[in-house]
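What follows is a short report on a single structure.
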Amino acid sequence: MAAGEPPHRDAGGQDPAMSGAALAEGHVAVVTGGGSGIGRALAIRLAQLGMRIAVVDLKREAAEATVAALPHPARGRAFAADVADAGAMRRCAEAVSAAFGPVNLLCNNAGILRAGTAWTTSESDWALTLGINVRGVVNGLAAFVPGMIDAGKPARILNTASIGGLCPAPGVASYIASKYAVVGLTETLRDELAAGGHDHIGVSLLCPGGVATDIWQGANDAGRPSDRLARDVLQAMSAPRPDQASAEGIAGLAVEAMLAGRFWIVAAQPSLHGRIAERHRAISEAIGRDSPGLYG
Ligand SMILES: NC(=O)c1ccc[n+]([C@@H]2O[C@H](COP(=O)([O-])OP(=O)(O)OC[C@H]3O[C@@H](n4cnc5c(N)ncnc54)[C@H](O)[C@@H]3O)[C@@H](O)[C@H]2O)c1
């Protein structure tokens, strides 16, 4: 680390000393957006480890359906809350702690997607997408992390970004912006916990490529985008696609990676691998080319 730089964990982000400790039998996991897709699959996979699960969702009935699908429904509980509402998330954290005690695993997973380019996405879609996908994660952290710090017990935070947080995708500008934000926020969170000496709290960042869930249906239900590019993308992505992972496969990967104490959890369809490598190469090349002479 260079002089003057704040302390940070290894960018590889492995924290093997804590691997798995937060995910033990009887420990408590919170999963936002647990009523559908990846969140629902995560809740079920974590329950299979014997964890007690707080399923948080905007839709109470969906959260309750996930609890009913857990291997031991009595060890789960549904909580209705809007992650974009800081007050609702604080009240949710109080209710979870009253029901279960200290939280060991926080999965900030709830997210939505809206189609639209960088210049045609409506103000309301920007507000909704950033409110849920970015502020939702921030609100989850603000509501639960102080309790994790105070409890001093093994804990972990899993933030769900996307492969769209590591490479651009035309036609979903607000989603991509929100997921790049979650990547930066989560890397910073990891370094801040390390700098604060909170080594009992591990961090993992989930960046999946396409996953067969209801997320594109939600974008469709929101109506027709005003521009053609976004309409075409919405149509193409909403159709059944052979290159999608299953929610169960992604949840299984995430749990395995958390048990091993990994920070980066990145799984994407092969067509994206080269694009991400090329982006990283171009950034490294730019740093080498543009820095000399400017920083002493
Ligand atoms: N499906 C994919 O291709 C894909 C790929 C990469 C990342 N992701 C991310 O995975 C996460 C889960 O998405 P999914 O694909 O399972 O979608 P999904 O639509 O199947 O599930 C999302 C869940 O979040 C809930 N939710 C939405 N807004 C909420 C709010 N304001 N407060 C609380 N709950 C809310 C919904 O009710 C739903 O139950 C999202 O963050 C998404 O961006 C999805």
Side-chain angles (χ1 to χ4, degrees), residues 30-45 54-67 69 78-89 91-93 106-115 125 127-140 143 158-167 169 172 174-183 185-186 204-222 233-234 236-241 243-251 253-254 265-269 272:
V30 175
V31 183
T32 71
S36 172
I38 297 170
R40 178 183 159 94
L42 259 177
I44 292 171
R45 183 70 194 89
V55 180
V56 180
D57 205 284
L58 192 58
K59 299 177 184 159
R60 181 181 290 282
E61 281 178 13
E64 285 170 350
T66 296
V67 170
F79 298 84
D82 179 354
V83 296
D85 178 340
M89 286 306 285
R91 291 189 292 279
C92 177
L106 169 64
C107 302
N108 285 310
N109 164 81
I112 59 148
L113 179 149
R114 290 291 177 266
D125 277 352
L128 191 75
T129 306
L130 296 179
I132 294 173
N133 294 7
V134 183
R135 289 306 302 268
V137 176
V138 171
N139 292 337
L158 173 75
N159 286 347
T160 305
S162 167
I163 206 70
L166 299 172
C167 71
V172 285
S174 60
Y175 184 77
I176 297 296
S178 74
K179 293 303 183 178
Y180 269 67
V182 173
V183 170
L185 174 64
T186 309
S204 295
L205 173 61
L206 177 59
C207 297
V211 187
T213 71
D214 290 344
I215 197 163
W216 285 96
Q217 189 54 48
N220 264 303
D221 293 347
V233 167
L234 185 56
M237 298 303 278
S238 303
R241 287 182 285 142
D243 62 349
Q244 286 181 311
S246 68
E248 292 72 23
I250 293 298
L253 167 73
I265 312 172
V266 186
Q269 51 271 46
L272 295 178

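Order of listing sets the numbers, starting from 1, for every ligand and every atom in it.
Between Phe79 and Cys92, the closest heavy-atom pair is CB-SG, 4.1 Å.
Under the side chain to side chain donor-acceptor pair (under 3.5 Å) criterion, Gln217 pairs with Asp221, not counting sequence neighbours. In this structure Asp57 satisfies the side chain to side chain donor-acceptor pair (under 3.5 Å) test with no other residue, sequence neighbours excluded.
Residue pairs meeting the side chain to side chain donor-acceptor pair (under 3.5 Å) criterion with at least one member in residues 204-215, sequence neighbours excluded: Arg156-Ser204.
Leu158 pairs in a side chain to side chain contact (heavy atoms under 4.5 Å, CB included) with only one of the listed residues (Asn108, Leu42, Leu106), which is Leu42.
Sorted by chain then number, the residues whose non-hydrogen atoms approach ligand 1 to under 4.0 Å are Gly33, Gly35, Ser36, Gly37, Ile38, Asp57, Leu58, Lys59, Ala81, Asp82, Val83, Asn109, Ala110, Gly111, Ile112, Ile132, Thr160, Ala161, Ser162, Tyr175, Lys179, Pro208, Gly209, Gly210, Val211, Thr213, Asp214, Ile215.
A heavy-atom distance below 4.5 Å is found between the side chains of Met89 and Thr32.
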